[in-house]
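Read through the structure below, which is laid out as structure tokens, and then see the notes.
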Protein chains: 2
Amino acid sequence: MATIKDVAAKAGVSTATVSRVLNGERVKQETKERVLAAIEALGYRPNLVARSLKTQKTQIIGFVVPDFGSFFMRVAEAVEEILNSYGYSLIVCNSNEDLTREIEQVQMLVERQVDGLLVVPTSSSSKHLLEAQKKGIPVVLVDRLVKGMQVDSVLVDNVNGAYQAVEHLVTMGYRRIGVINGRLEVTTGEERYRGYLRVFEDYNLPIAEELIRTGDFSSQSGYILIKELMALPHPPQAVFIANCYMTMGAMLAISELGIRVPEDLAIVAFDDMELYRIATPPLTVVVQPMEEIGKTAARLIYKRVSGDNSDFPQMYRLKPELVVRGSSVPPGRLEASSEVTVNKVAL
Amino acid sequence: MATIKDVAAKAGVSTATVSRVLNGERVKQETKERVLAAIEALGYRPNLVARSLKTQKTQIIGFVVPDFGSFFMRVAEAVEEILNSYGYSLIVCNSNEDLTREIEQVQMLVERQVDGLLVVPTSSSSKHLLEAQKKGIPVVLVDRLVKGMQVDSVLVDNVNGAYQAVEHLVTMGYRRIGVINGRLEVTTGEERYRGYLRVFEDYNLPIAEELIRTGDFSSQSGYILIKELMALPHPPQAVFIANCYMTMGAMLAISELGIRVPEDLAIVAFDDMELYRIATPPLTVVVQPMEEIGKTAARLIYKRVSGDNSDFPQMYRLKPELVVRGSSVPPGRLEASSEVTVNKVAL
DNA sequence: ATGAAAGCGCTAACAA
DNA sequence: TTGTTAGCGCTTTCAT
């Protein structure tokens, strides 16, 4: 492959001049044209690896996500778009919700000299992230927090999101409200659970321990736990499910069991997915601003890699939104179920 | 950050020796231990950018996909897993189903000196891919083909997949069968349409032109086109929808219109999604082997970057599978609708 | 078994 | 405005 030397030779100039043309520095118009012609003729493309070694900047941001599911990929899509517009590339890595793998991926990204790191931590272990910071690599936590670490973060107000969801059920008159939690050692799981509890506190309602189940965010656990709940001698009348994968599993179980929603069981879920709208009935959900999470995280890491360390550590708490659809209606007037849908179709 | 020089100094050896330890070459046990101790003490990690510049290999594979939706991400997940096990990293880029962007992404990946390229082409334009090949970068096409180009590819047998889907409807007795096609200039779109047509040919059935609609793979086009079809004076009794996003849009329209499935309209869709199983009724689909596509593509590109050019150009045609669920039942016995589900739940 | 030294392709002082 | 040159951190002959 042609190098800058070949171009220099062909254009009859030094490599420095070619470099200047490449980087848009001042070069005499005529020289510039000769260089450009040589580049064109040779089909020359700069070697970004060499450039990175020299400049000590790769223009790459690493993004470690726990899975390639729709939630994080919608975030990643927004991140990539913003970052590309700034001239950065994104490497998205899958930690598989596994700390060991997360550590490996972070280490690999550090060795690849990424300029910055976006991480959705799988646990509260922070050693590998601290190390990255120590090496001067800015880190921004996305969606989840690692406690006791000074770090930028872009999060969602999970407590109040869950609160709204459960409060919605309570104000409609439900009392036996179950919950399918995610992993409590992950902040999103813990916070959503806290939101659930807080409603009972605020409304001075008793909590039925047997209606509280803790899964691991997987659809499998949603499937199992909803079955456990519904097999109870006195099953819940409503349930709050803490993330989209568990909701998926729960809905499958529900359709297998022939449980009618919302007649037998009202549902409010955290996270929205396109298909929830075409479920029968469409699901009431707490929608997270995925695109905004991505854009905010991208802008923040860009700010840091650009050397702006003001307001460190910066924390964004984006607000989720309750969207009431057919899966939750007042226990009194179930006939109206199909009319409760209030979401605007946004294809 | 510590470099190999620092390690060498600390261990009292040359950088060459440190490099040998790093790369597992023969070094006296005692020396090795001293080097390892120095590495540990300094928290040294090799700079992969420098290594890449020297070895002319980045151990990175680029993967350009048209979107970050569940289909391609499931493929990407499998690709990453295999590639990581070979010591390679993956950069997934979004072309947004847009040729200009695809060209930019390919160019960027080439400049970043990726060792190999996986591409889901957005069109039959091949110039940028030929250029990459010319520079010695192996290219493997995934899911879609570019005609008139000598290139490795991992594809699905779309013609027979679509054929099975439509034949299933025909053998059940349906005759007025509509189709919502994807982009015909993309091979998957064209091949699935061909499969549809071939059934009518083979069964010597007349084709109703007004039941053939061509969209662009987006859920929006599915939404619009199913409405067009159902607004016909003589609407179809069954419809074949050529990909998952259009199916999503179509199902939303169907639920809005209050059309009953399969009573008013039987549906067979290309692509499976987890949520199709919890739709009412669950959807009959042609399932693509996403994981196998990813693994096959990963293994093939690995073979090429490893210098094995045997059997070039190699083409895999993986077989999709028809899974009959509740959205398609013989028009005669609709009462049985909920019993036809034959898929095994695989959570 | 180990070290010296060249060089991968580029950028950035510094000189001219 | 342009050229000369050093050097980013690593690997890899070639010597020793």
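So you know, we letter chains A, B, ... as the sequences are listed, proteins then strands, and number each from 1. What you see is a predicted model, and the numbers here were worked out from it, not measured in a lab.
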[X] [atom1] to [N] [atom2]: how many Å, rounded?
{"X": "L53(A)", "N": "dT11(C)", "atom1": "CG", "atom2": "P", "answer": "11 Å"}
{"X": "E25(A)", "N": "dG3(D)", "atom1": "CD", "atom2": "P", "answer": "14 Å"}
{"X": "N23(B)", "N": "dT2(C)", "atom1": "CG", "atom2": "C1'", "answer": "15 Å"}
{"X": "I4(B)", "N": "dG7(D)", "atom1": "CD1", "atom2": "P", "answer": "18 Å"}
{"X": "K5(A)", "N": "dC8(C)", "atom1": "NZ", "atom2": "C1'", "answer": "9 Å"}
{"X": "R51(A)", "N": "dT11(C)", "atom1": "CZ", "atom2": "P", "answer": "4 Å"}
{"X": "L48(B)", "N": "dC8(C)", "atom1": "CG", "atom2": "C1'", "answer": "15 Å"}
{"X": "K135(B)", "N": "dG9(C)", "atom1": "NZ", "atom2": "C1'", "answer": "14 Å"}

Out of [options], which nucleotide sits closest to the side chain of [X]?
{"X": "K54(A)", "options": "dT2(D), dG9(D), dC8(D)", "answer": "dC8(D)"}
{"X": "R20(B)", "options": "dT2(C), dG9(D), dC10(C)", "answer": "dT2(C)"}
{"X": "N47(A)", "options": "dC8(D), dC10(C), dC10(D)", "answer": "dC10(C)"}
{"X": "A50(B)", "options": "dG9(D), dT5(D), dT11(D)", "answer": "dG9(D)"}
{"X": "K28(B)", "options": "dA1(C), dG9(C), dG3(C)", "answer": "dA1(C)"}
{"X": "T55(B)", "options": "dG9(C), dT11(D), dC10(D)", "answer": "dT11(D)"}

For Q107(A) and H128(A), test the side chains for any donor-to-acceptor distance below 3.5 angstrom and give the result as yes or no. no
Using 30° and 60° as the class limits, which term best fits the ring planes of Y302(B) and Y86(B): parallel, tilted or perpendicular? parallel
Quickly, which of D6(A), V7(A), V35(A) forms a side chain to side chain contact (heavy atoms under 4.5 Å, CB included) with Y44(A)? Name it, please. V7(A)
Give a yes/no on whether any side-chain N or O of Q56(A) is located under 4.0 angstrom from OP1 or OP2 of dG9(D). yes
Does T3(B) make a side-chain N or O approach to OP1 or OP2 of dG9(D) shorter than 4.0 Å? no
Under 4.0 angstrom, heavy atoms only, what part of the nucleic acid is [X] near: base, sugar-phosphate, or nothing?
{"X": "V27(A)", "answer": "sugar-phosphate"}
{"X": "V49(B)", "answer": "nothing"}
{"X": "T17(B)", "answer": "sugar-phosphate"}

Between Q133(B) and Q150(B), is any pair of side-chain heavy atoms under 4.5 Å apart? no
Please walk me through it: do S218(B) and D216(B) pass side-chain hydrogen bond (donor to acceptor under 3.5 Å, both in side chains)? CA-CA 5 Å; S218(B) 74; D216(B) 62 2; 2.6 Å; yes
